Amino acid sequence: QKEVEQNSGPLSVPEGAIASLNCTYSDRGSQSFFWYRQYSGKSPELIMFIYSNGDKEDGRFTAQLNKASQYVSLLIRDSQPSDSATYLCAVNMGQLTFGSGTQLTVLP
Amino acid sequence: GAGVSQSPSNKVTEKGKDVELRCDPISGHTALYWYRQSLGQGLEFLIYFQGNSAPDKSGLPSDRFSAERTGGSVSTLTIQRTQQEDSAVYLCASSLAGGSANIQYFGAGTRLSVL
């Protein structure tokens, strides 16, 4: 069965700290990986995507992919209270398969 | 339109009734997806359209669920004889094309409550 696993949290970090969110996936052949942010009661919005091994940085966000370990992570530097949301990892395994999300709270 | 539009935003229905949920994708997007999100859960894939065809219906949970897409644009998800376990947020997404590299953009969802 194709699965994407995330720790549900909640994960709490103080404002200004680095938040680290992790995701593992079961399909070794997966080629594309996405991180979505979902505020409570809202729809998911894409914040990062990566297609190859290594890191990708966009502003305060860095996505890291380790295909050998089937592991993808999202780092949020200088975390802000507005980053408080649920972060969904999604992996393309034929169709986009979502993890159950990690709830992040950034404490002022 | 500027984004993916879904209607209604909220739907309350009685057990056993049929419901129709509508999705209007981003203009020019050929691929359309339906997902279901139960409270506190991730997104559960239901069905994928490429144009008007549905090459992947593998996520539809039962034969009470069906979907169609017409004119390569608007899609309707129909749930017949609704059950309480159908209560969830139904999200629609569209992408420029199908395939693993294409980014999906989501609508605001329809919150379905079956009493």
Side-chain angles (χ1 to χ4, degrees), chain A residues 1-11 21-52 56 58 63 65 67 72 85-105, chain B residues 1-7 9-10 21 23-26 29 31-50 54-61 67 88-113:
Chain A
Q1 185 174 353
K2 296 180 178 179
E3 294 182 340
V4 176
E5 300 284 345
Q6 295 182 255
N7 288 327
S8 61
L11 172 66
L21 305 162
N22 305 311
C23 170
T24 59
Y25 58 95
S26 62
D27 185 356
R28 186 172 293 277
S30 298
Q31 298 290 327
S32 51
F33 308 85
F34 304 82
W35 283 99
Y36 283 83
R37 177 176 62 199
Q38 187 173 27
Y39 292 112
S40 181
K42 303 295 185 183
S43 59
E45 57 178 326
L46 182 73
I47 53 172
M48 289 285 286
F49 62 92
I50 45 177
Y51 298 137
S52 60
K56 180 179 179 181
D58 183 2
L65 173 62
K67 294 187 78 174
V72 59
T86 296
Y87 289 80
L88 299 168
C89 172
V91 180
N92 203 301
M93 303 180 180
Q95 293 300 338
L96 207 56
T97 301
F98 285 81
S100 58
T102 298
Q103 184 180 343
L104 172 67
T105 301
Chain B
V4 179
S5 177
Q6 291 188 246
S7 61
S9 55
N10 284 282
L21 312 179
C23 173
D24 197 346
I26 293 172
H29 281 196
L32 185 147
Y33 308 80
W34 282 100
Y35 295 89
R36 177 168 71 174
Q37 187 173 32
S38 301
L39 189 63
Q41 300 298 311
L43 277 67
E44 175 189 4
F45 168 78
L46 298 179
I47 188 169
Y48 153 61
F49 286 93
Q50 181 58 50
D56 190 345
K57 306 178 182 180
S58 62
L60 294 178
V89 176
Y90 289 81
L91 289 161
C92 175
S94 70
S95 65
L96 197 56
S100 62
N102 287 281
I103 296 167
Q104 297 183 23
Y105 297 89
F106 284 84
T110 294
R111 183 176 298 277
L112 175 65
S113 300

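A note on names: the letters A, B, ... follow the listed sequences, proteins ahead of strands, and every chain is numbered from 1. In this text, all values refer to a predicted model and were calculated from it rather than measured experimentally.
Remark: B/Ala93 engages B/Tyr33, B/Tyr35, B/Gln104, B/Phe106 in a side chain to side chain contact (heavy atoms under 4.5 Å, CB included) (not counting sequence neighbours).
Highest contact tally toward chain B, considering only A/Gly99, A/Ser43, A/Gly101, is held by A/Ser43 [criterion: heavy-atom pairs under 4.5 Å].
Contact of B/Leu43 with chain A is made through backbone and side chain together, with heavy-atom distances under 4.5 Å. Proximity to chain B (any heavy atom under 4.5 Å) is shown, for A/Gln6, by neither the backbone nor the side chain.
With A/Gln95 as the fixed residue, the side chain to side chain contact (heavy atoms under 4.5 Å, CB included) test singles out one of B/Ile47, B/Asp56, B/Leu46: B/Asp56.
With rounding to the nearest 0.5 angstrom, the CD atom of B/Glu44 is 13.0 Å from the OG atom of A/Ser100. Atom OG1 of residue A/Thr86 and atom CD of residue B/Gln37 lie 8.5 Å apart, to the nearest 0.5 angstrom. A distance of 9.5 Å separates CZ in B/Phe45 from CG in A/Leu96, rounded to the nearest 0.5 Å.
Counting heavy atoms of neighbouring residues, nucleotides and ligands inside a 6.0 Å radius, atom CG of A/Asn7 does not exceed 12 of them.
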